[in-house]
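The structure's right below; bear with me while I get my questions together.
Just so it is clear, the model here is predicted, and its values are computed rather than measured.
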Amino acid sequence: EGGTQRSVKLDKSVPFVREILLEDFKKKSEAFFSDPATGDQVFLFGTDPEDGVQPHEFTRYPNWYPEYLKKEGIPLGKPYVLNGFRGLDQPTELWDPASFTDTTFGFNNWLLHEYDKWIDSRPEAERKTQDGLNKKDMVRASLYSYNAHDVPPNFNLDPRIRVMIAGYPKHRGYGKWKNFASQI
């Protein structure tokens with residue numbers, strides 16, 4: 001508003017904050033699917049973090065994501081899909097609470113899982129688009145991978161996360177991501 005600088009930082013480790021974003025996702029997806037012109041198009045929900053924000057600096061509950069997975073009965077520690085790619089040596093998924101990437105993509109996995117649970121709780125007719133397609137298959141969480149989250153997360157992603165990779169590496173090339181220092 002009026003170019004005024006804000007010092008507000010969203011802490012996605014706080015359940016109340018995530019619930020607000022989930023409600024926005026549900027509301028916008030329902031509005032999208034109510035338009036007959038959408039046909040077989042997917043609903044894109046932007047989840048880009050705020051520029052200049054390092055969420056792990058403001059995280060109240062640093063282990064929120066693994067605790068959530070445990071509560072949901074979803075194992076963390078499955079075989080990691082990038083193990084061996086470009087020399088990466090990480091056989092299983094892990095969570096790094098100090099990683100901007102893990103915080104960012106953990107939220108996206110959480111959002112899609114919670115959306116699925118909500119859709120599954122709806123009457124059968126409300127689980128489908130007007131064209132009879134499953135709404136869960138027709139949603140995407142969408143974000144850029146850049147700045148402090150331009151390296152892959154340490155765990156596998158929901159395949160409905162749409163990631164656009166920035167053409168310049170900022171953090172690629174550090175630590176275990178040294179072989180990823182490329183604009184490709």
Salt bridge (Lys or Arg N to Asp or Glu O under 4.0 Å) evaluation trace for Glu23 with Lys26: CA-CA 5 Å; Glu23 289 305 314; Lys26 293 188 297 191; 2.7 Å; yes

Aromatic plane relationship, Phe107 with Trp110 - under 30° parallel, 30 to 60° tilted, over 60° perpendicular: parallel

Electrostatic pair Glu72-Lys117, nearest N-O below 4.0 angstrom: yes

pair Ser99-Thr103: side-chain heavy atoms closer than 4.5 Å: no

salt_bridge(Glu126, Lys135) N-O dist < 4.0 Å: no

For Asn83 against Pro91, the heavy-atom pair lying closest together: OD1-N, 3.4 Å

All ring-ring contact (aromatic ring centres under 6.0 Å, His included) counterparts of Tyr65, not counting sequence neighbours: Trp95, Phe155

Pair Thr47-Asn108, side-chain donor/acceptor within less than 3.5 Å: yes

Distance in Å, Ile161 CD1 paired with Leu111 CG, rounded so as to fall on 0.5 Å steps: 9.0 Å

Evaluation steps, ring pair (Phe, Tyr, Trp, His ring centres under 6.0 Å), between Trp118 and Tyr115: CA-CA 5 Å; Trp118 177 69; Tyr115 180 82; 5.7 Å; yes

Derivation of the side-chain contact (heavy atoms from CB on, under 4.5 Å) call for Leu88 and Asn179: CA-CA 8 Å; Leu88 186 63; Asn179 293 331; over 6 Å; no

Cationic N near anionic O, under 4.0 Å, Asp150 to Arg172: yes

Taking every non-hydrogen atom, the tightest pair across Asn63 and Pro97: OD1-CG, 4.1 Å

Considering all heavy atoms, the nearest Ser142-Met164 contact: OG-CE, 3.4 Å

Verdict with reasoning, Arg160 to Val139, per side-chain contact (heavy atoms from CB on, under 4.5 Å): CA-CA 7 Å; Arg160 296 170 295 167; Val139 297; 4.0 Å; yes

Worked verdict on Ile74 versus His113 for side-chain contact (heavy atoms from CB on, under 4.5 Å): CA-CA 10 Å; Ile74 302 169; His113 183 42; 3.4 Å; yes

Plane angle bin for Phe100 and His149 - parallel if under 30°, tilted between 30 and 60°, otherwise perpendicular: tilted

Approximate separation, where rounding is to 0.5 Å, of Leu10 CG and Leu21 CG: 6.5 Å

Derivation and outcome, salt bridge (Lys or Arg N to Asp or Glu O under 4.0 Å), residues Asp120 and Lys136: CA-CA 9 Å; Asp120 289 343; Lys136 293 190 307 188; 2.8 Å; yes

Ile119 CD1 to Asn134 CG distance, which is reported to the nearest 0.5 Å: 7.5 Å

Heavy-atom closest contact (Tyr61 atom, Pro15 atom, distance): CE1-CD, 4.2 Å

Pro66 to Leu76 - nearest heavy-atom pair and separation: CB-CD2, 4.0 Å

Residues Asp131 and Thr129: side-chain donor-acceptor under 3.5 angstrom: no

Over 12 non-hydrogen atoms of neighbours within 6.0 angstrom of CZ in Arg162: no

Short side-chain donor-acceptor distance under 3.5 Å, Asn154 and Lys176: yes

Check: Ser13 side chain, Pro62 main-chain N or O, donor-acceptor pair, under 3.5 Å: no

Joint hydrophobic cluster, Leu94 plus Phe105, side-chain heavy atoms closer than 4.5 Å: no

Minimum-distance pair of heavy atoms, taken over all atoms of Tyr146 and Ala166: CB-CB, 3.4 Å

Val14 side chain near Thr59 side chain, heavy-atom distance below 4.5 Å: no

Note, Tyr68 side chain near Glu114 side chain (heavy atom, < 4.5 Å): yes

Backbone N/O of Pro79 and side chain of Asn156: donor-acceptor pair under 3.5 Å: yes

From CA spacing to verdict: salt bridge (Lys or Arg N to Asp or Glu O under 4.0 Å), Arg18, Asp11: CA-CA 8 Å; Arg18 290 194 311 270; Asp11 180 354; over 6 Å; no

ILVMFWY network linking Tyr174 to Trp177, side-chain heavy atoms under 4.5 angstrom: no

Sidechain-backbone polar pair: Ser145 side chain, Ile165 backbone, donor-acceptor under 3.5 Å: no

Aromatic contact, Phe180 with Phe85 (centres under 6.0 Å): yes

Parallel, tilted or perpendicular: rings of Phe45 and Phe25 (30°, 60°): perpendicular

Any donor-acceptor N/O pair, Asp48 side chain to Tyr144 backbone, under 3.5 Å: yes

Pairwise distance CZ(Arg122) to CD(Glu124) - rounded to 0.5 angstrom: 12.0 Å

Sub-4.5 Å side-chain heavy-atom contact between Gln130 and Phe33: no

Spatial distance of atom CG (Leu133) from atom CZ (Arg127) [nearest 0.5 Å]: 15.5 Å

Leu112 CG to Arg140 CZ distance, which is reported to the nearest 0.5 Å: 9.0 Å

Phe32, CZ atom: more than 12 neighbouring heavy atoms under 6.0 Å: yes

